[in-house]
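Notes to accompany the following structure.
Owing to the predicted nature of the structure, the values given are computational and were not obtained by experimental measurement. For reference, positions follow the sequence shown, starting with 1.
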Amino acid sequence: MMKIFLIGFMGCGKSTMGKKLAQKLGYAFIDLDHQIEKSLGTTIGEYFAAHGEAAFRKLESETLKTFDYPANVVVATGGGAPCFFDNMDWMNANGLSIYIEMPAVALAKRLEGGKDKRPLLKDLNEAQIIEFIENKLTERDVFYKRALVTVNGINLTADAMRSLILHL
């Protein structure tokens with residue numbers, strides 16, 4: 001039985017890589033944000049706007065810790081999930097946490113095209129997006145670095161991730 005928790009900033013590839021990795025390992029895939037939206041019947045953005053960040057982070061933490069995970073699963077967490085409550089401790093105690101690390105400029109390039117779907121970025125230009133990401137990475141780094149494994153997200157492949165996991 002193995003739970004693999006992918007963590008990292010939005011745009012680092014947690015969902016995309018998670019799906020591919022799960023397929024390579026023959027595991028189930030869970031996107032925690034999608035599960036939260038499914039249970040709420042609304043988007044995280046709408047919930048966030050109506051109830052605030054504190055209420056969302058509490059719900060996110062409860063979902064992370066009480067979800068009925070399959071025995072073997074790859075879980076894509078929300079970018080902020082590791083940074084609240086004891087979520088990192090819980091993930092490390094209950095599975096393998098992997099931080100997909102990427103520099104701010106690379107993240108900004110990935111996020112530029114879909115920034116309309118991301119409320120925190122939608123009104124920012126490229127330079128402002130990079131600055132926003134740099135600031136958030138500085139805040140979150142202490143949490144992200146507590147992952148059991150850190151991988152470079154640039155040119156990362158599911159095969160490389162699978163190999164890494166199998167050789168731990």
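Within the 4.5 Å cutoff, the side chain of N152 has no heavy atoms near those of the L156 side chain. A 4.5 Å side-chain heavy-atom check between F143 and F84 finds every atom pair outside the cut-off. Using a 4.5 Å heavy-atom cutoff, the side chains of I98 and M161 are in contact. With contacts defined as side-chain heavy-atom distances shorter than 4.5 Å, the pair T150/I100 does not qualify. Side-chain atoms of L107 and M10, non-hydrogen and from C-beta on, never get closer than 4.5 Å to each other. Side-chain contact check for D33 versus E60: some heavy-atom pair is nearer than 4.5 Å.
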>> If you apply the rule side chain to side chain contact (heavy atoms under 4.5 Å, CB included), what do you find for L96 with K3, and how did you get there?
In response: CA-CA 6 Å; L96 173 66; K3 291 182 193 81; over 6 Å; no
> Stepwise, does the side chain to side chain contact (heavy atoms under 4.5 Å, CB included) test hold for I133 with L111?
Replying inline: CA-CA 10 Å; I133 294 170; L111 293 167; 3.9 Å; yes
>> Apply side chain to side chain contact (heavy atoms under 4.5 Å, CB included) to residues F56 and H51 and explain how you reach the verdict.
In response: CA-CA 7 Å; F56 171 72; H51 302 282; over 6 Å; no
>> Run the side chain to side chain contact (heavy atoms under 4.5 Å, CB included) test on I4 and L6 for me, step by step, so that the C-alpha distance in whole Å, both residues' side-chain angles and the decisive distance to 0.1 Å come before the verdict.
In response: CA-CA 6 Å; I4 300 167; L6 301 182; 4.1 Å; yes
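When all heavy atoms of C83 and G79 are compared, the pair lying nearest together is SG-O, 4.5 Å. In terms of heavy atoms, I44 sits closest to E37 at N-OE2, 3.1 Å. In plain terms, the two heavy atoms of I7 and M88 that are nearest each other are CD1-SD, 3.7 Å. Closest approach of P82 to N87, counting heavy atoms only: CA-CB, 4.4 Å. The two atoms that bring L124 and Q128 nearest to each other are CA-OE1, 3.4 Å, heavy atoms only. Between P70 and V73, the closest heavy-atom pair is O-CG1, 3.7 Å.
Cluster membership for L148 and M2, using ILVMFWY side-chain heavy atoms within less than 4.5 angstrom, is shared. L168 and Y99 fall into different hydrophobic clusters, where Ile, Leu, Val, Met, Phe, Trp and Tyr are joined by side-chain heavy atoms under 4.5 Å apart, directly or via other members. There is a path of hydrophobic side-chain contacts, each under 4.5 Å, that joins Y144 to M102. Side-chain heavy atoms closer than 4.5 Å link hydrophobic residues (I, L, V, M, F, W, Y) into clusters, and following such links, even through other members, never connects M1 to V74. No single ILVMFWY cluster, assembled from side-chain heavy atoms under 4.5 Å apart, contains both V75 and Y27.
Donor-acceptor pairing under 3.5 Å is recorded for the side chains of T42 and E46.
Aromatic ring pairs are classed by plane angle as parallel below 30°, tilted from 30° to 60° and perpendicular above 60°; the pair F5 and Y69 is perpendicular.
Checking side-chain atoms of S61 against main-chain N and O of R57 turns up no donor-acceptor pair under 3.5 Å. A donor-acceptor pair under 3.5 Å links the side-chain atoms of T63 to the main chain of L59, judged by distance alone. Side-chain N or O atoms of N92 include one that pairs as donor or acceptor with a backbone N or O of R146 at under 3.5 Å. Formation of a donor-acceptor pair under 3.5 Å by the S97 side chain with backbone atoms of M91 is not found in this model.
Pairs of residues two or more places apart, or lying in two chains, never qualify as salt bridge (charged side-chain N to carboxylate O under 4.0 Å, His left out) while including a residue from residues 66-75. Sorted by first then second residue, the salt bridge (charged side-chain N to carboxylate O under 4.0 Å, His left out) pairs that include residues 97-111, not counting sequence neighbours, are E101-K145.
Heavy atoms of other residues, nucleotides or ligands lying less than 6.0 angstrom from CD of Q23 number 12 at most. Heavy-atom neighbours of K65 NZ from other residues, nucleotides or ligands within 6.0 Å: above the threshold of 12.
In this structure, CD on E134 lies 12.5 Å from CD on E139, to the nearest 0.5 angstrom. How far CD of E131 is from CG of N135: 5.5 Å, rounded to the nearest 0.5 Å. Interatomic distance, L164 CG to L21 CG, rounded to the nearest 0.5 Å: 9.5 Å.
Look at K136 and D141 and you find no salt bridge, because none of the NZ, NE, NH1 or NH2 atoms lies under 4.0 Å from a carboxylate O.
The side-chain contact (heavy atoms from CB on, under 4.5 Å) search around A76 returns K14, S15, F29, D31, not counting sequence neighbours.
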